[in-house]
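One structure below.
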Amino acid sequence: MRNQFKSHMMELINGLWFLKRDIVSDEYDQALFRLIADIKDQTVSAGNAHVKIHEYPTGEQCWTWQVPEKWTCHKAYLETLDGQRLIDYTHHPLHVISYSLPFDGIVSRDELLEHLHVHPKHPEAIPFLFKYYDRDWGLCASQVLRDKLDEERYRVVIQTSFEPGTLKVGEVIIPGETDESFMLVAHLCHPAMANDDLTGVVVGLEVARSLMTDLKSYYTYRLLILPETIGSVAYLSHNEDLIPKMVGGLFLEMLGNDSNHALQGSFQVDSQVDRCLVSTLKQLDPESYVAPYRMVINNDERQFNAPGVRVPMLSLSRVLRHNSPNWPYPEYHSSLDTPDIISTSRLEESKNYVLELIQAWENNQYIVNKFKGEIFCSGYGIWIDYRTNPEGHQRLFEIMELCDGEHTVADIATKLDISFQAVWQVISLLLEKSLVYLSRTPQSTTPSRSQNS
Amino acid sequence: MRNQFKSHMMELINGLWFLKRDIVSDEYDQALFRLIADIKDQTVSAGNAHVKIHEYPTGEQCWTWQVPEKWTCHKAYLETLDGQRLIDYTHHPLHVISYSLPFDGIVSRDELLEHLHVHPKHPEAIPFLFKYYDRDWGLCASQVLRDKLDEERYRVVIQTSFEPGTLKVGEVIIPGETDESFMLVAHLCHPAMANDDLTGVVVGLEVARSLMTDLKSYYTYRLLILPETIGSVAYLSHNEDLIPKMVGGLFLEMLGNDSNHALQGSFQVDSQVDRCLVSTLKQLDPESYVAPYRMVINNDERQFNAPGVRVPMLSLSRVLRHNSPNWPYPEYHSSLDTPDIISTSRLEESKNYVLELIQAWENNQYIVNKFKGEIFCSGYGIWIDYRTNPEGHQRLFEIMELCDGEHTVADIATKLDISFQAVWQVISLLLEKSLVYLSRTPQSTTPSRSQNS
Amino acid sequence: MRNQFKSHMMELINGLWFLKRDIVSDEYDQALFRLIADIKDQTVSAGNAHVKIHEYPTGEQCWTWQVPEKWTCHKAYLETLDGQRLIDYTHHPLHVISYSLPFDGIVSRDELLEHLHVHPKHPEAIPFLFKYYDRDWGLCASQVLRDKLDEERYRVVIQTSFEPGTLKVGEVIIPGETDESFMLVAHLCHPAMANDDLTGVVVGLEVARSLMTDLKSYYTYRLLILPETIGSVAYLSHNEDLIPKMVGGLFLEMLGNDSNHALQGSFQVDSQVDRCLVSTLKQLDPESYVAPYRMVINNDERQFNAPGVRVPMLSLSRVLRHNSPNWPYPEYHSSLDTPDIISTSRLEESKNYVLELIQAWENNQYIVNKFKGEIFCSGYGIWIDYRTNPEGHQRLFEIMELCDGEHTVADIATKLDISFQAVWQVISLLLEKSLVYLSRTPQSTTPSRSQNS
């Protein structure tokens, strides 16, 4: 089963990565349909889960935004005047900037170079560029090729069309006991690249698949697959009634490259979701790092954390630290970002971690003490001798001490600077002994006293 | 008068220290009866004060705990097979671990050593051990004796009995204007030792004696003398209606050894009691130190600070800092803890400090300004010239500035990082000049303005 | 216009500085009348502005204070017994301490020296001394003169009179849309000196003059010209109904000497006024410094910040840092404080800064987002490319992110540690594009969610 999943994630990536998945485009649609078809049968058999494809037509107002036209590049090349073809879109989709205007003509070398983009670090790579709103024509090539351009004039042909279409957002919904929703988000619109952004999508789908087999979740989970930014804005602006129900979220991206995990906090650094996910990942991947909002990398979590929405959404990736010369990873936004840099075991590991983060979120309730005073630990068989295990003893007592109906598991972990799991282990024991119960809302057990005390 | 008290504290210690004061035992009861008898006459003459002995029978449920059996050791010794007696309970009560199971038989040297406990640091001392709940048989001896055990087999005789009894808690109640109570707590259950725990008991009794002569206290004071932990749990669980009335407390212990004072904060570090006692001791004993909850030493204050109780109870002792090799003091939990290490003058000093801490607590009210603007200090004869005493001038103005009905004396002392006494001195002057009044609840005098200001 | 103001400020100073402006005195009144006359015509032509002179008779109770008598020095000198005049009040008003008792007699050299005050640092200067309440007689002279006193006895004549008078407070009122008032305060009572205190007065008047030409202010502005401390207490105690309407203030003083600006925070360090003025001055005068309440220099802002009043009033001056040997400036409280140490350009600069601080205060409203999610910046023409201007891009997004109806401009500037002006620049753009609106009260746009999120 595990091996089947593993190969299935890579299989999906291999099948979809080279598609020209521009934000509103036929091949984006193809990719989305294939992914949704892939999980649909399982949602049917799971019973309560289901999938949706939301469509937003070109020109549709989405808060301050508008859905752009469908864009297609039919043909594009760069030739010498004697017909030697130097660049051809059929060789690689990145040779044309996404949403390039059409162009057909002979240009001077100088004019060409203004429109010919190269990668700042990798001489052999074609860079990924887009001009969705600041419209212009443009080609991309390797620095190596550009350095060889010594003719005076060149022929440029870019045949692109802009026409009405529909932006599409795929949604997998796994209902829980409550309609309060935890959002998983990944974008699909980076053409002919693999780590950014397909890895987030396939990990999200595998997580959704696992969640479907567990029908007992408290929260509803919604996985969104969409074109970056405009996809999130389109979805949110057309589902405003859901926003107050969104209690938290996690954006997924760049999970196949060879780095440890990076967890980016939400705008609301003290939210329960932040405390819960941060204190849980700490133990899952001790080599991971946590950085504040906007300090790992920016993606769709911005729309969810933004004013008027304010869903505390974190972001999980394998992005290097900001001061690394290779930030976010060496092959970022270039033709070097292929399935070759992705490891199945890393995808699998990330998927498992996301599931464990979600499990912690499910468990993150207020701990209400049924006991008063300290627990008679020996009597309940949970005594840890301070003479033989002073740290375990201290931790047991520090955790019990905060079981007062005013602290969640994540609050306790954050306050004691230990992992969520370490706290949960003690809480599980107390639950088993009927010494505490869990509550989704605070239930303080502290006696009230006059103001002067 | 003072000398009489001095000798009286030592007299009590000398008379009671060698008793086998195990948690539920005849000699614990003897000690408690003598102490209560000692103060009872005075409570009668004081009129409103009184004493109680609470009894909780074996098996009684006390929250998650149960009152243990009465334990008696009738006889215990270790002999060589040829009858040479190596250890005898009649020589020292610490030779048998408290609540040891009975045992009678010939054991191999190896088996004996598993049950024969020594002190980790003092080769000559018998250690203090107890197994109240994790039942086993056991003897204690010096390392010196243990090192000489070279026979193959030994005879062990431990005749102990476990039978129904009653756990006893002594309480001295000194009523004040209000039934809001300040708790003084000391434990009495450490057999044949002096500094830990009799010094806390006798200091507590002398403090109670002094309080009785002052019938004008605002708070009610309750001194509890009890066996550690189970005594507090028994009392609290049978007096739940009093818990919301307990506005603070102080645990007393280890007050006779040769160290400065240590004040351990409560679980609620910003409570009025914490601020008041910390800012007061600072001036009483400038060499003392303050450490957070659980960071000096653990005792009954844990039950009072615990979930569902949450009385802010601090702890006063003469415990060394945690990083000291002799923590908490060299003779701790051993047969070296005798009246010889106790000084009458230190007991007297601690008693006086506790009385001053209580006086500060009585004085710790909100300061409400009857003045507006700055006070015309020259006109009231309280001017301090900044040219001749810049620090005094600044302090006077800093304190006046915080007299706004929103700060207690302790709040002001904490905010300015000066002693309670320094603040009180200025406040006394302002009271005398009718420039402020005291209030047990906040009475803000700040004009209310719109939200934008 | 600008040049006219410049010269006018110096003209006022030159005309008034040498007057004997003791707190209740004829020459204080002369100075105040001239200043008020100077602005009165303009208030009439401005239409809605007006001036008042408040009078408080000698003996009038002002909270804990009383208005003192009018004081006049008719004649004062020090002579040798053979009639050689060493000190003469007609040469310099500082030769007699303000509110000196009268004296006429022959004194020993020792007695004289007890009453003859010199400057601690400047051997040539006459110091400024006052004994308003701690009554005594006294003369002031240079250290040079004092060092030459080698006779055994001297004749002292001080003819002063104490008689009923009225303390006078000048007020310029410039009404705004609301009667919530911002207070500008300067004192006028330092005789025969210029930087301290006339510079604050003339800058305040020029600011008032400029404000009058702008009839559209939201807040009402009140400029008070008064004798230090007692003037503020007299005004406040007789206008208690106004106190809740005072939303903030700025004390002005020592604005002509050769230093950068110093801004002293109010007692309420987190008030909107504090945040607004601190974040605005930062950009106006990058060499300026900000220090907490009482940590630059003490003046009338003390009465406004005091208990029962609690108006957040800051103070602007050109005072050196507290650790400077010349604090607050070299000529402070001495006969060296003449118009010669004042520069017109510095007065003009300070006036302009005060106007800009006030402009920021007018603008300091809550920013309420009409948008949700992130703004489609390209579509609104406000996009800043992160590839060419990463800092500008980040700042744009950081500011937009805090537009949620819960933050004022000053809150955003404080949170991001950038200037008020930098924030306002972005907000102006958003206002122009109708993406936000301003509100004097918080209007949160954050969706409400359950407690666990």
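By convention in this document, chain letters (A, B, ...) are assigned in the order of the sequence lines, proteins followed by strands, and residues within each chain are numbered from 1. None of the values given here were measured: they were computed from a predicted structure.
For A:Ile243, the parts sitting under 4.5 Å from any heavy atom of chain C are the backbone and the side chain alike. Of the atoms belonging to A:Phe267, it is side-chain heavy atoms, and not backbone ones, that fall under 4.5 Å from chain C. Both the backbone and the side chain of C:Phe397 come within contact range of chain A, with heavy atoms under 4.5 Å apart. Proximity to chain C involves both the backbone and the side chain of A:Trp65, based on heavy atoms less than 4.5 angstrom apart. Interface remark: C:Leu402 contributes backbone and side-chain atoms alike to the contact with chain A (heavy atom separation under 4.5 Å). Only the side chain of C:Ser378 comes within less than 4.5 Å of a heavy atom in chain A; its backbone stays farther off. Contacts of A:Tyr132 with chain C are absent, with no heavy-atom separation under 4.5 Å from either backbone or side chain.
In terms of heavy-atom pairs under 4.5 Å with chain C, the best-connected choice from A:Gln66, A:Glu180, A:Arg310 is A:Arg310.
The two residues C:Ser448 and A:Pro244 have their closest heavy-atom pair at O-CB, 3.9 Å. The two residues A:Val309 and C:Arg449 have their closest heavy-atom pair at O-NH2, 2.7 Å. Closest approach of C:Ile375 and A:Thr64 over heavy atoms only: CA-OG1, 3.5 Å. Taking both residues in full, the closest heavy atoms of A:Pro307 and C:Asn369 are given as CB-ND2, 3.4 Å, listed atom of the first, atom of the second, then distance. Nearest heavy-atom pair, C:Glu374 versus A:Ala306, reported as atom, atom and distance to 0.1 Å: N-CB, 3.8 Å.
Between A:Arg294 and C:Glu401 there is a side-chain heavy-atom pair separated by less than 4.5 Å. Side-chain atoms of A:Tyr133 and C:Phe376, non-hydrogen and from C-beta on, do get closer than 4.5 Å to each other.
By the 6.0 Å contact criterion, CD on C:Gln61 is enclosed, its count of non-hydrogen atoms from other residues, nucleotides or ligands being greater than 12.
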